[in-house]
Amino acid sequence: MGLSIIDYIIVLIYLVGTVGYGVYLGRRIKTGHDYFLAGRKLPWWAIGMSLVVTDIGAIDIVGIAGSAYLYGIVMGNFDWLGSVPVMIIAAFIFIPIFWRTGVTTVPEWFGRRYNIAVRTTSALIWGSFLACNLGIMLYATAVMLNVLLDLNPKTVIVSPAETAAVTEVLNVVAGKKYDSVRLDTVDDTITMAVEHRPNLLLIDEASPLKDEIIGRLKDLPPGKEVPVVLFRMGENLEQLAERAADVARPPAWPLFYSIVLMGVAVGLYTYSGGLTAVVYTDVIQCIVMMLGCAFVLIYGIHRLGGFGEFVDLIHQLGDRTKDHFHLVLPADTPTPYPWSGIFLGLGLVLANAYWIGNQAIVQRSLGARSEAEAKASYVWGAILKVFIPFIMVVPGMVALAYNPYVADADKAMATLVRDLLPTGVLGIFFAAFLAALMSSVDSCLNSAATLWTKDIYQRFFKPHADDTHYLTVGRILTFAFIVWAILFAEFSANFESIYTLIQTLLTLFQGPSLAIIVLGVLWKRATGIGAFVGLIGGLCCSSGMLFINSYASEPLFLIQDPFLYIAWWSFVFAVVLTVVVSLITPMEPEEKLRGLVYRYKGGNA
């Protein structure tokens, strides 16, 4: 089911309202302090909701639901283990220290605790990641937009073969650029041809429907023709893909158009309103998104016939889904999520690094009205995060029960929403998905501009300019990052799962970054030289393991995407390096450590 006129009106009202509200808030922005930290006037409840919707935005709506489509409930660990415990710890140990120092960015804290080398290196790493991450998020947003608006090119297949064989053909021939549909009757095929004009129709020569379908397609009026490719199961799929590409009709609305559209919409209010606009629009988006996803979960299971029928449909898919209801997977699982990797890589490293050291996350709490409100924001966010697996992960599995033939798992959630919800309701929940998508993009955009302005431009190019000058620079960088993100977005289509892509990028530096944050806050003996050596050494460790695992004749790890293991070992390596080098270098001055190390008062304390 596509969007009706009513749905389009609802979506348009939501988009115009959100952008307009963000631009209105921008009228109050007068200085860089207002733009980057909202003048330190943000309430705890708004920050907490912004934290949640920033984390469960584009990557989770598209990526986690897509990964749940592939791997099941194990993805719930990224919230239950990877968010709630560490958010509580961060609320009472790390966030108060960051807030009291009055810094704008995490790298700025590194500069105060360690030295300028650590600050600059961290700023360049996080600045580069946020810029690339922005492109990935725009891609995720555009994928959702195209699916829900039914704008993607379509491949229809008619074949009596087994599900696994049909899926293999679609994965190679259609790939991620096409929506794939399997039809089993002549009437359904002709209806699809007339109403949706698929870009390609694949017909198995063994199908008894072949001749009747081809005959009826010849009766279609001029301008309604559908490209047809006949194939045989077992033929060379690469050659079949080449034949299909030669005759397929090009898409009328390429994905790039949607990338540009969403980039402009989000960029407009972020450019104008800074962190204030981001946080307060996130509040609206959090409410709409959580209610919308909860409805999809409940209504989806109801339409399947209840929870029992939902479970049975998943199990009926065979070995493909044998572990879909297992929260803990064995160490030798072929998926990227073995229990050992989840515990060591996610629970001890990636989750902590994300909630303690990610600029796009921490920056919200730095804009709180008081230290107490900064703490409360993380606790409130942790409470909300408990519900996320139910409304994000399980719907990905519901999408699998509805349609096990989605070639691109990142489109599973959008396909479910488009095909499940009735007119009017579809528009409301399309707005809910747009809310989550837009919130992650605006947060990343604002944080990237903040980091490059404060840690690079102000530190090295114009350290003594007035605050209005940095406001201008921040807005210029916001515009520049939108342009960059639009250009980088299409690169994301080369990965099977955008969630795996984002975690792989984070794996390269999250372990070493966490090591120097934890040691810097909890161990007074950590030195600037030790932290710098640990950070660089950890980066070399993670990059080396990733390279060897990808290109060596014998990979280091048994699983296909070992980012959890790489995160763990790079963290351990960075801790060891930092400790060893710190112990053989002079301790930082006591007056420098006061207020930067947990419960350190100076002297022999």
Can you say whether the rings of Trp452 and Phe481 are parallel (under 30°), tilted (30 to 60°) or perpendicular (over 60°)? tilted
Quick one, Lys375 and Trp44 - any side-chain contact, counting heavy atoms below 4.5 Å? no
Minimal non-hydrogen separation, Val533 against Leu577, with atom names: O-CD1, 3.8 Å
More than 12 heavy atoms from other groups under 6.0 Å of CD1 on Ile529: no
Does any non-hydrogen side-chain atom of Leu42 lie less than 4.5 Å from one of Arg364? no
For atom CZ of Phe295, is the number of surrounding heavy atoms from other residues, nucleotides or ligands below 6.0 Å larger than 12? yes
Whether the side chain of Arg112 engages the backbone of Thr101 through a donor-acceptor N/O pair (distance < 3.5 Å, no angle test) should be reported. yes
With a 4.5 Å limit on heavy-atom distance, are the side chains of Phe98 and Val362 in contact? yes
Go through the steps for Phe94 and Ile517 under the test side chain to side chain contact (heavy atoms under 4.5 Å, CB included), then give the verdict. CA-CA 9 Å; Phe94 296 92; Ile517 291 175; 4.1 Å; yes
Pair Ile482, Phe479 - check side chain to side chain contact (heavy atoms under 4.5 Å, CB included), show working. CA-CA 5 Å; Ile482 278 293; Phe479 175 79; 5.7 Å; no
Quick check: Phe488 with Trp484 (ring centres under 6.0 Å apart)? yes
Take atom CZ in Phe387; do more than 12 heavy atoms of anything else shown fall under 6.0 Å from it? no
Are any side-chain N or O atoms of Asp79 and backbone N or O atoms of Gly76, one a donor and one an acceptor, separated by less than 3.5 Å? no
Short question: side chain of Tyr378, backbone of Leu51 - any donor-acceptor pair under 3.5 Å? no
Checking Asp323 now: which residues fulfil side chain to side chain donor-acceptor pair (under 3.5 Å) with it, not counting sequence neighbours? His326
Side-chain contact, heavy-atom cut-off 4.5 Å: Trp523 with Val579? yes
Check whether any side-chain heavy atom of Phe532 sits under 4.5 Å from a side-chain heavy atom of Ile516, and report yes or no. no
Less than 4.5 Å apart, any side-chain heavy atom of Tyr280 and any of Pro43? yes
So, the side chain of Ser582 versus the backbone of Thr578: is there a donor-acceptor pair under 3.5 Å, distance only? yes
Just wondering, do Phe110 and Thr121 contact through their side chains at under 4.5 Å, heavy atoms? no
Take Asp282 and Met49 through the test side chain to side chain contact (heavy atoms under 4.5 Å, CB included) and record every step on the way to the result. CA-CA 7 Å; Asp282 279 357; Met49 296 175 79; over 6 Å; no
Output every pair passing salt bridge (charged side-chain N to carboxylate O under 4.0 Å, His left out) with a member in residues 113-122, not counting sequence neighbours, ordered by first then second residue. Arg119-Asp455
Any side-chain donor paired with an acceptor under 3.5 Å for Gln359 and Thr450? no
So do the side chains of Val521 and Ile93 get within less than 4.5 Å of each other, counting heavy atoms only? yes
Could you please spell out the steps behind the ring-ring contact (aromatic ring centres under 6.0 Å, His included) verdict for Phe509 and Trp126? CA-CA 9 Å; Phe509 62 88; Trp126 272 106; 4.9 Å; yes
